[in-house]
Structures are given as structure tokens and as C-alpha cells.
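To keep things clear, I will list the structure first and then write my remarks on it.
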Amino acid sequence: MMQETILKIENVSKFYPGVKALNKVSFELKKGEVRALVGENGAGKSTLIKCIMGVEKPDEGRILMNYNGEWICNTNALEAQRHGVFANYQHVNIAPDLSIAENYFLGQQPKTQLGFVDWKKMYDDSKKIIDKFQMKVNPTDKIRNLPIAMQAMVTISKISVNEDIRIVIFDEPTALLENEKVEILFKFIEELKQRGVSIIYVSHRLEEIMEICDSVTILKDGTYVDTKPIEEVTKDSLISMMVGREMTDIYNIKHVEPGEELLRIENFSDSRHFKDINFTLHKGEILGFAGLVGAGRSEIMRAICGVEKRLTGDVYVRGKKVNIKDPSDAMKHGISFLTEDRREDGLALILPIKINVNMNSYDMISKRGVISLKKETERAEDYSKRVNVKTPSIMQLAGNLSGGNQQKVVIAKLLCRDPDILIFDEPTVGIDVGAKEEIYKIIEKLIAQGKGVILISSYLPEVMGLADRLIVMSQGKIRAEYGKEELKNLKEEDVLRKASIED
Amino acid sequence: MSNTKSAKNSYKNLFQQTEFTLGVIIVLLFVIASVFTDNFFSMYNITNLMKQCAITGVLAVAQTFIIITGGIDISGGAITGLSCMVLALLQRDTGMNFWLTLVIAIIVSIAAGFINGIIVHDFKVPPMIATLGMSTIIRGIIKIISNALTVSGLDERILNMGNSSIFGIIPTLAIIWLLVALAIFLVLKYTIFGRNLYVIGSGINVAKLSGIKVRKMFLSVYALAGLLYGIAGIMLAARVQSALPTGGEGYDMSAIAAAVIGGASLAGGRGAIAGTLLGTILMVLINNAGVQFGLNTHVLEITSGVLIVFAVTMDMLKNRKKA
């Protein structure tokens, strides 16, 4: 079955001002093959996907698709879709004010005989897809009201609406999904494969790749490195091919003995996301929060920082009760918050790094509201260097940076206020191994300075590997707490079981 | 590193390009009009040109910082008209102290702007609709307090201001415009308030999470715009030498156009005073030179419209490229 070539990428190059995003990349994809595409951020994966999807045109070379024995070239996105090429996009790309059903059938609504939209059929068919992907939502639910993980699920399940599917590109499909949904996705991929659909699977999670892919293509700095059958690679060999160096346990950071109490949360409840939450955070400690997406972890942190309201509960900083009404109060009490959605909450994408880094601390470099421009530049330079933002200049717009570097800019912004308590909500979502490791190193430095770090992560190896203490949540309640000793022998299955507890 | 240089330059180019292009077009138009028409390059016309710029110019400055926050304000013309009318009525009908009449006209304008801010932020009404409503309300108020009649009888000092100039060539009105522009330029460049405007324009959630007091910002921004409209209203009284119920009508479009032509992005987060100044000059210049060339004023209206659509289209294309 795996003989016929469906996609030929021939010497493809793509240039952006100052950057060679792709440099003479060539490889082929067979029918029914699940091919992983790996590489660090900036390796050119996204650009290559855009070229295959017809969204971008290669500056050199060409991409050919075998369409019923004929070699064709998709010159735009619509053409690609007509030829059965689909993708979920890394940054959830759906109409937020339309319902799930409307999004599924966008541009291909079923019609009644009179030519009106056949709403009943549309809802029925949508329901089938929703059930198939076990999404527990209604076809009429508006996208905007769904949790971000469910939105990601919609973009994935939307692909199955189409009948003629030949090539599917999954770009970081699991970045936002909890394990249970990941399994559903894998089943879908298996089903597509059985139907002879070819799949390009982009992910930073190498474990997944080893599990579901047939082969893997490695890109590095826009150039093609190699393509190998999955049996011939290991996680370590993949990483070394991606970054050009061997990497041992990336979660192996230096911990310190936790000190006095920094933060205490008592009786936190809101009306629907979390209930009876109590926990403490100490100096030099990494407190992990594991759980499925939607377990209420982010909501607690948002309530602590005054972004969202709560019904009951008190916050104590260094033993003193504090009243936090909005994020600026939180900052005054030394709490800084890195949210899970860096593009929406963390960065001003159209503004330069310089403003992004200084954004929440202008009061510290100004007198009576007048900013010292010199200090503004110095601070931006200094802090971008501290977290190792890779950019030619601090005048670069944040939106032009890779995901990892964007996240580092957000961290630089937090560090500017020299907070004692840092809340990192999914800090490594969608960023490459190299940048992840750098972020862990930053966390290592922070705890060495005696700061307290709260780490929320839906990726169990990460949160279990880094935390000194781990809290597991499900449905808005704390279900388990593990200390340092217990963590050593803890298995992922145990955590998952706790995280799946239902009332 | 050559890389460093090129990135720095490309970023700078982005901002300078608009202003450079505008500058070139303005100079070209100026030279062409001077050479090919008899009356364009005359003391009278140049002074007139600057006066024409002045009031729209002040509104355009206000529009610029509102557009930077991602908003838009189409009540500027109406509030200007209100300020002008309040001033004229106070000066004609009451024996009130001259300076006090100015202060009251400005306070009324600030209040109107402040209410805009409340409607936009607290009631979450899109700025376009909020200010459209405000504009209609204010036009009604103007007609009620003036019986829909032109009001003359302004104080001597206002009347004189409209005709006075410095060095016999730069009209006082233009000086006020440039001072207002300079003040806002400094605010945008050097203050936390100015930075926060850009942050809000690039994303309200980012702004909130960065500890920016968003509500306070919105109310201040629209109130500050009100302040500028108040000043513009006094300038209008000086220029027209009376207050018309329709005073200030049509200024908003020119002001928005000037800001957008000058590089402000309706998507928010981008805009600069220098660009807006040039945009204002270009808008006025096209009209003025057009008249000198004997073009039909209705044709010029079309030209202005086309220019606005063109500028916004360019802005949209730029944004699309970014996204």
C-alpha cells in the first residue's frame, strides 16, 4: 500500500526579509504514510506547511501533488482544499462567533431542495462528528464560549467533515489537548491512514511521534536534515538531529530546599470553575498543578491575580492578608502571571520587543509619568539578554518572533518587576525543545534566588519532572497532593487517574 | 552584525516611509501649484491654507490617539460645534468674564468626551456607534440652545484672534494647532499614558494583564479628545467670527483621513503625530490647490473621498500582510 508517492517537495526555498525560512528542502510523502515533521521553532516547519497548503508560494522549487495519477501544483488554499489537502492550524483558526455546526460546514452547508440551508441535516451531521470525537458539546454552542482546548478539538474534528481527504497536516494538534482527547485524535489518525490518507504530523512532543508516526523528517534552520523510518530513531537521536547536540533529561534542573511561606490561598471558590481551594507556596519551591484542560487551574490563578472574580477566599502574601482587585494590585504584592495564551494575553504582537518588555513596569523607570527613554532601552536590552531572546534588535515586533522567543519576551516582562511569586500557566505550549530547556533554566535560576514558582502544565512529564510538590485537580477541586518523596515514585497513570475523577 | 543594522533599518523604514512619501507629495503639489497657478503662492493664500489646516488639524491630533487605542471618534465635529456655540452664547448673553467663558466651553467639551468614554468602556458600545450617537445628541442640543440660529456677538479678543498672525504670516490659529500637536507628540513619546495607548490598541487583554487601568485610560482618552475639541471650538468661533448650528460638520471625516493617511492604523496600536500633521496638510492642500486650478469643488469632494478610501485600503492591506 505504501508505494505510491502522493506529494513531492522539490528544492523548495522561501525567503523573508533577512531570513531564509526554507532553503532547498526536498522530500517525498507516500500514500497512507504518517510522516512526522520535526525541528526547533524557526526550523521552517510552519512555512513549509503554508507552502503545501498553497497559502504561501515558494520562492524557488515546487511542490507537486499526485492527483489521480496526474502531477498538479496547488497555487492557493482553495485549490488545495478542493484537491483534498487539509490542515488544522496551530493558532486556532475558526470563526469565534459562529456555532460549532456552522464552523464545520463553513462554505459547504447542506442545502434543502429550495436552496436554503438545511439546518436539521447540518446539526445532525455535526452531532455525529461531535459524538465520534467524544466532545460532549452541542452543535449550537458558540466557539467563543468553548474552552481553548475544545476549540482546538473543533479544528481537528472539522477535517472529518470533508469527504475527499488525501493529505492532512496536523500542526501541533495536541499542544492544547488533554491525554484522553489525544487518544481520540490518534484513533482518527489511524482511521485516516487506513483510508489511505497521507498525514504530515508536526509536534514538539517526541513521545507522540514515536507512538503514531511511520517516519520522520527533520528540519533545522530551514534546511532538510534527514528522513528516517521511525524504528531507526530514538527520542535522543531525534533531538540531537534537531538541535545538533545530545540532550539528556531536560527536566533535570537544580532544586533548592523550600523556605518560608510566600503565598497562601484559603477557601477559594467561584460560581463554576473551582471550589474550596487551599494551598501554599514557599520560597524556592516549584509547585506544580496537573490536571486536564478545564480542571479550573487557570481560573484559580486568574482569580488570584484579580483578572477574574471569585466568590469566597483570601490571599495571604508572606502571611499577610492582601486585597487584590486587579492585576496591578497583584504586581504590587509581587505576584506576576504568565497566562496560557501568550498571543492574546501576554504580548502586544504589533509592538516592538522594547515596549513589550517594559509594558508592566513603566512606573519603575519614570518620574511623574514621564519615561526615561534611555532606561527603557537599557532595560529591554538587559532583560532580553537575560532570558536569551534571539532577535537582531529590540525594535523587532513581537509578532515576528518564533513562539519560544515570544514566550521569553513575556518572561522578560515579568522579571522586570522582580516579583517574588511567579505563576507560569502552560509556559512551554507550542515551543521547541531548545526553547523549553531555556525556560526550565530560567525557572531554575528563579528558585535559586528564592522565588516561588507555580507551574501549570497539562503535559505530565513536564510538570512531574519539574515540580517540588504537585497538586492534581479535576472538575475544579484538588484531588491529590504529592510531596517531593512521593513524586519520585509517582507514575503518570496515577496522576491521570486522579485528574479524571468525576463527581 | 549586518543583521542588526538591517532589522533596525527596516523597522525605522516602516515608520519613516509614510512620512517621507507624504512629505514628497506635499512638496511636489506645492511646487506644481505655485508654478502653474497665479494665486496659489501668495501671502494671502498661504496664510489661508494654514488657517484651513488648523481646526481640522487639532481634531486630527485627537483622532490619532483615539485610533491608536483601536477606537474612532466621529463626535469630534459636533463637540467642536457645541464648544463654539456655548462660547458664543455665553459671550453674547451673559456678562461673564472672558476667560471663564473659554473655560466653560472647554469643560462642556471634556464632559461630552468623558461620556463617550463611559459609553465605550462601561457599556461596551463600539466606538463608532457610541460617538455617532453622541454626535447626533449634541447636534440636537446645539439647535435647542441656539434656536437653530447663527449666533454672533463674540468677544473682541476672539474676533481678533481669528485674523491675527505672527510675523504677519503664521496665523495664531495655526500656532495653536502646532502647540496642541507638539503637546500630544510629547505625551505619546515620553509618558506612560502614551505607551499605554499603544498597548491598549494592540490588545485589551494584554493591557489588563500588564496592570494597566484600562477603564481609567478609556475615560481619560476620550475626555482628552473632548479637551482638544473644546479648543477647536474656540478656534472655530475665531475663524468664522460667529457660531453656526452646523459648525464643525464634516470635520470628522477629514480628521480621520488625515490620521490614517499619516499612518495611524484603524486596527489600533499604530499612529504618530508627525504623520497626522502631514496628512492634515495634504488633505487641505489638495483642496486648496484644486480650487486654484479651477477644479469644481464637488469634484474635489470626490477626490477627498477617494483619498480616504485609498488610505484605509492601504492600511488594511498592510495589516493583512502582517497577519
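Here is the naming used below: chain letters follow the sequence lines, and residue numbers restart at 1 for every chain.
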Review point. Can a donor-acceptor pair be found between the side chains of T223(A) and N23(A) at a distance below 3.5 Å?
Key: no

Review point. Side chain, backbone, both or neither: which part of T339(A) has a heavy atom under 4.5 Å from chain B?
Key: side chain

Practice item. Would you please say whether a donor-acceptor pair under 3.5 Å links the side chains of D73(B) and S75(B)? Key: yes

Exercise for review: May I ask you to name which of I394(A), N360(A), I355(A) has the most heavy-atom pairs under 4.5 Å with chain B?
Suggested key: N360(A)

Point to revise | Interatomic spacing from CG in N145(A) to CG in D97(A) - rounded to 0.5 Å | key: 9.0 Å

Review point. Within a reach of under 6.0 Å around NZ of K124(B), are more than 12 heavy atoms found that belong to other residues, nucleotides or ligands?
Key: yes

**Study point:** Atom pair OG/CD of S372(A) and E378(A) - distance to nearest 0.5 Å
**Key:** 7.0 Å

Review point. Is any NZ, NE, NH1 or NH2 atom of the basic residue among E299(A) and R310(A) found under 4.0 Å from an Asp or Glu carboxylate oxygen of the other?
Key: no

Check your understanding: chain B: which of D326(A), L373(A), I365(A) shares the most heavy-atom pairs with it under 4.5 Å?
Key -> L373(A)

Review point. For the atom pair SG (C305(A)) and CD1 (I300(A)), what is the distance rounded to the nearest 0.5 Å?
Key: 12.0 Å

Check your understanding: Atom OG1 in T313(B), atom CD1 in I308(B): separation rounded to 0.5 Å?
Key -> 11.0 Å

Review point. Under 3.5 Å, is there a donor-acceptor pair between the T276(B) and T64(B) side chains?
Key: yes

Check your understanding: In Å, rounded to the nearest 0.5 Å, how long is the span from CD1 of I261(B) to CD1 of I25(B)?
Key -> 9.0 Å

**Study point:** CD1 on I256(B) to OG1 on T56(B), rounded to 0.5 Å
**Key:** 12.5 Å

Review point. Just checking heavy atoms, which of residues 207-222 of chain B are less than 4.5 Å from chain A?
Key: K208(B), L209(B), S210(B), G211(B), K213(B)

Point to revise | Neighbourhood of chain B inside residues 411-420 of chain A, taking heavy atoms under 4.5 Å as contact | key: K413(A)

Review point. In terms of heavy-atom proximity below 4.5 Å to chain B, should V307(A) be classed as side chain, backbone, both, or neither?
Key: side chain

Review point. Strictly by modelled atom types, are E376(A) and N358(A) linked by a side-chain donor-acceptor pair under 3.5 Å?
Key: no

Practice item. Taking atom CE of M128(B) as the centre, report whether more than 12 heavy atoms of other residues, nucleotides or ligands fall under 6.0 Å from it. Key: no

Exercise for review: Determine which residues belonging to residues 181-193 of chain B lie within contact range of chain A, meaning some heavy atom pair is under 4.5 Å apart, and list them by number or answer 'none'.
Suggested key: K189(B), Y190(B), T191(B), I192(B)

Practice item. Output yes when a side-chain donor or acceptor of Y362(A) lies under 3.5 Å from a complementary backbone atom of G369(A), and no otherwise. Key: no

Point to revise | salt bridge (charged side-chain N to carboxylate O under 4.0 Å, His left out): pairs with one or both residues in residues 327-338 of chain A, sequence neighbours excluded | key: K325(A)-D329(A), D329(A)-K332(A)

